[in-house]
Undergrad: 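The structure is given below, and queries will be raised subsequently.
First the proteins, then the strands, lettered A, B, ... as listed; each starts at 1.
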Amino acid sequence: MIQRTGTSPALRVLPATVVAVALVSLIPGTVPASVEQITTDVETLAADQMEGRLTGEKGAEAAVAYIESQLEKMGAVPMPGEKEFRQAFEFTAGSKDVGTKLYFRAGGEDGVLEDRTDVQALSFSDSRAVDGDVVFAGYGLKLPQDSEFPYDSYAGLDVEGKIVVVLRYFPGEVDRDTRALLARYSGLRYKALLAREAGAAALLIVTGPNSPNAGEVIPMQFDTALSGSGIVAASLNLDSAEMLLKKAGVEESLKDLQTKMDTGNPHVTGFPLEGVAARLDVKVERERRTGLNVLGYLPATDGGVNDGIITLGAHYDHLGHGSGGNSLAGADEKGQVHNGADDNASGVSAVLEVGRALAKAERRRPVLMGFWGGEELGLLGSTDFVAGMEDLSPGVGAYLNFDMVGRLREDKLTIQAVGSSDRWASLIEQANVVHGFDVYPQQDPYLPTDSQAFYLEGVPTLNFFTGSHEDYHRPSDDVEKVNMEGIDQISRMATLMVRKLMKDESLPTYQQVERGKEEGGGRDSMRAFTGTIPDYTAEVEGLLLSGVVGGGPAEEAGLQGGDVIVEFGGQAITNIYDYTYALDAVKVNEPVQVILVREGERMELTLTPRAR
Amino acid sequence: MNRLAISLSIALVVGAGSAEAGAGGAKETGEEELQFLTRTRQLSYEGLRAGEGYYSPDGTKMVFQSERDPKNPFYQIFELDLTTGETRQVSPGQGKTTCAFIRPGSGDIVFASTHHDPKSEQYQKEELEFRASGKERRYSWDYDPEMELYVENHETGELTRLTHAKGYDAEASYSPDGEWIVFSSNHHAYASDLSEHLKKKLEIDPSYFLDLYRVRADGTDLERLTVVPGYDGGPFFSFDGKHIVWRRFDEEGLTAEVWLANADGSEARAVTSFGAMSWAPYVHPSGDYIIFTSNKLGFANFELFIVDVEGTKEPVRVTYTDGFDGLPVPTPDGNGMTWTTNRRGSSQLFTAKWNHANALKALNEAPARQELPKKESSSK
């Protein structure tokens, strides 16, 4: 599962009572063959030799080879019209600045900035040069016209064909609700989009003196975009920005300007830097790589119908050695292999196991097993697959995803995206009467896993999940902690569900679900880090913590796993979206009051968020 | 939800309000509950709500009622095969239905239904329109005088109407040998020459007239078992067939107590003197105690309780979870419990492991009952 941005999950810490309870009473001393097979799958995929299965690396390819061998063995075939199980997709493994320069001319003087501490490309920038006059456009923000807080940095400014200089983040001295609103529209990519739409030729972003990481150029972030964002964009350090202001004869410092704007006063506007012309020559090199999906097909047996493919899937990739920025390894674990036994060797094994059962059965509808690469890098493999889905005949009729199903505890099984079809509640009821999980259904289909790619293309989806834990995205997500019997039971239940789906008169109907509040352009905007680990399996009033990050602000504040946050910075918290929203509104290094319920007692603590 | 079937004044609480809240709030479960109920899990997921689940004697089937048809806003009867998970609709789909029970030995299913009423479709339409208007009503039960008992033949699937007189005939269950049905009815009130005062009463609160009846499974030998003013309803046989247990409201319909009598209605006595709304009693297969639901701890707070069959002790609280807990039914082996609760959102069937040993222990340690049991003189 990819990290859910915006909620700073850093999933760690669970009580040590990780009790594996098998649902069937096993005869002591014997292990069913299916559990042995699952154990082999998980042990193989999560072995150190697989080197954490980072997409594009040879560990991932070794995992692909293992999955292919298992598909072969069960009698699955490649997709109709394909010769191989594996399907390649292209992606950007990273981008680097290879010589960005900012030339400027003012008052007859020429100059150039070429040091990476002065100017550096933004990872999503186009790689080309543009010339233009320079305009300061404040925070470079523009809120939708129907929003509660009308704000448009570009109002009254002519930026057509010009190079726009803007401040990073958003005005900080505004009320809580406005902060939360602004935060959503202040992401770097969103600012680039706004500048492009306003007609600007290039964008320079400077981190203001009043902001976190004041004055520094913005590090090139991990970005999997295959191409640029249609605009030339770079970040500028504070001294360089001040220098340009001086060249234009502006008497106020950038600090003065930022302070004036920080009140959110919409009448404080930008202005052209008179007499300053510049040429921004951005040179970004994107490293293109090839990732692999593995697709195994089980055609309908004689007399079947071909109205849709029942599809099962799991991503097989993980974080490698954790260098990609989404590792949560502690200081003493950095650089170790992230084995990803739960995330998501467990899901791969579950899908293989369902496939093994269905391969031997009569199938009224065809079944597809999809093993996705690039999930951890942003749902790359599944997104590539769904992009070509409309060429399939028949199409995908339903999609069941398995992401982190290796930590079954006390039979608690979370099934997500139940709102994506009216068939799911009845199907879960029927299958679970037999299997007896403590099923927690969740409606929301917008999930940080591959099922979302299918849902967005109109496919009814479900995601099976046994809950977050302290080893999430850390090298300690190891085989020993996986409940193999639990995977076996989940795959049995899923097999029954697929059998029922194959038997159904018609395919499940797709239901539109309104998207939660989590959206916006603020993915990489100023996010406060709190070190709380939400428990995604529980639907309680408030935000239940499964734990706190060691040494993080939450731990320092005295929070612990099991706490239910009901108010954060004066904002009532009833669910995870409220919490995300509240996080947007808090300020780095500014203490917030947290009201929580611990063992029935209401408590108040003070937490000081840090910059990420 | 209808074995509760309560008069309007007390009809709030149970379903509606929190049932509509949806997936919002799992409620905190108190540790104390775990001494009786463990591995609690939700059994039904489909539809707006479900409840009143009753087992076949071998524990492989369950009948229950649920609102699952978008075209009919009223409960319909379903049979769930617990070995395959397959659900089958038993009732015809039109009108209101309630309270099904599986006949031991044959697998026939008795339930109450209004589908023969020509107005039933109109009522469905009206209720759907009311819901579409965005208004919410508290759960209420109207004691429709068209409610009649039907039996579905297990072999042929044919429906046979068992009761014919105008009046509410419902809340039926079979004796363990499958020979008898006990149920609640007020048909005598519609047939008799009532005073003006009582006529008015019948219009406003038909439940006041409800009494227990028994009838042979084939519909013969109808016999009235109670003749006390106030609502007698929700009768079940004990597992040995010797007793029936039910709830009896006072004349005002404000409080109800759990009552026990011999299978023929004789020797009726109150098992509780709890002074609250205590209802939906069911005898545990061991015959040692009765499990029921009561709002003893707060008007809107229904919890499950157990009490020894003779009512010598004060009832012992079983559930410690916010929200409604009611309509408890032990599994036939006595080691499980299924009940209706809205602890995770809408009212649905839940099931758990039942700790019989702890139940006996807790009853043993319970204090003596505060009041002496009342003997009923007017019955039979």
Undergrad: Of all the heavy-atom pairs spanning A:Val439 and B:Tyr45, show the shortest one and how long it is.
TA: O-OH, 2.8 Å
Undergrad: Hey, are the side chains of A:Val433 and B:Leu80 touching, using non-hydrogen atoms and a 4.5 Å cut-off?
TA: yes
Undergrad: For chain A, which candidate among B:Thr87, B:Leu43, B:Asp81 shows the most heavy-atom pairs at distances under 4.5 Å?
TA: B:Leu43
Undergrad: Test salt bridge (charged side-chain N to carboxylate O under 4.0 Å, His left out) on A:Glu410 and B:Arg39; report intermediate values, then the result.
TA: CA-CA 8 Å; A:Glu410 295 169 344; B:Arg39 305 281 288 273; over 6 Å; no
Undergrad: Please walk me through it: do A:Val434 and B:Thr83 pass side-chain contact (heavy atoms from CB on, under 4.5 Å)?
TA: CA-CA 6 Å; A:Val434 182; B:Thr83 59; over 6 Å; no
Undergrad: Before you tell me yes or no, could you show the steps for B:Arg68 and A:Asp422 under salt bridge (charged side-chain N to carboxylate O under 4.0 Å, His left out), namely the whole-Å CA-CA distance, both residues' side-chain angles and the distance that decides it to 0.1 Å?
TA: CA-CA 11 Å; B:Arg68 300 192 161 186; A:Asp422 63 4; over 6 Å; no
Undergrad: I'd like to know whether CD of B:Glu32 has more than 12 heavy-atom contacts from other residues, nucleotides or ligands below 6.0 angstrom.
TA: yes
Undergrad: How far apart are the closest heavy atoms of B:Glu46 and A:Glu429, and which atoms are they?
TA: N-OE1, 2.9 Å
Undergrad: So do the side chains of B:Arg41 and A:Asn432 get within less than 4.5 Å of each other, counting heavy atoms only?
TA: yes
Undergrad: Does atom CZ (A:Arg602) have a neighbourhood of more than 12 heavy atoms from anything else shown, all under 6.0 Å?
TA: no
Undergrad: Within a 6.0 Å radius of atom CD on A:Glu604, are there more than 12 heavy atoms belonging to other residues, nucleotides or ligands?
TA: yes
Undergrad: Check whether any side-chain heavy atom of A:Tyr440 lies under 4.5 Å from a side-chain heavy atom of B:Arg344, and answer yes or no.
TA: yes
Undergrad: Does any backbone or side-chain atom of B:Ser44 lie under 4.5 Å from a heavy atom of chain A? Answer side chain, backbone, both or neither.
TA: both
Undergrad: So does A:Lys500 have more than 12 non-hydrogen atoms from other groups sitting under 6.0 Å from NZ?
TA: yes
Undergrad: Please look at B:Thr84 and chain A and tell me whether the side chain, the backbone, both or neither of the residue comes under 4.5 angstrom of a heavy atom of that chain.
TA: backbone
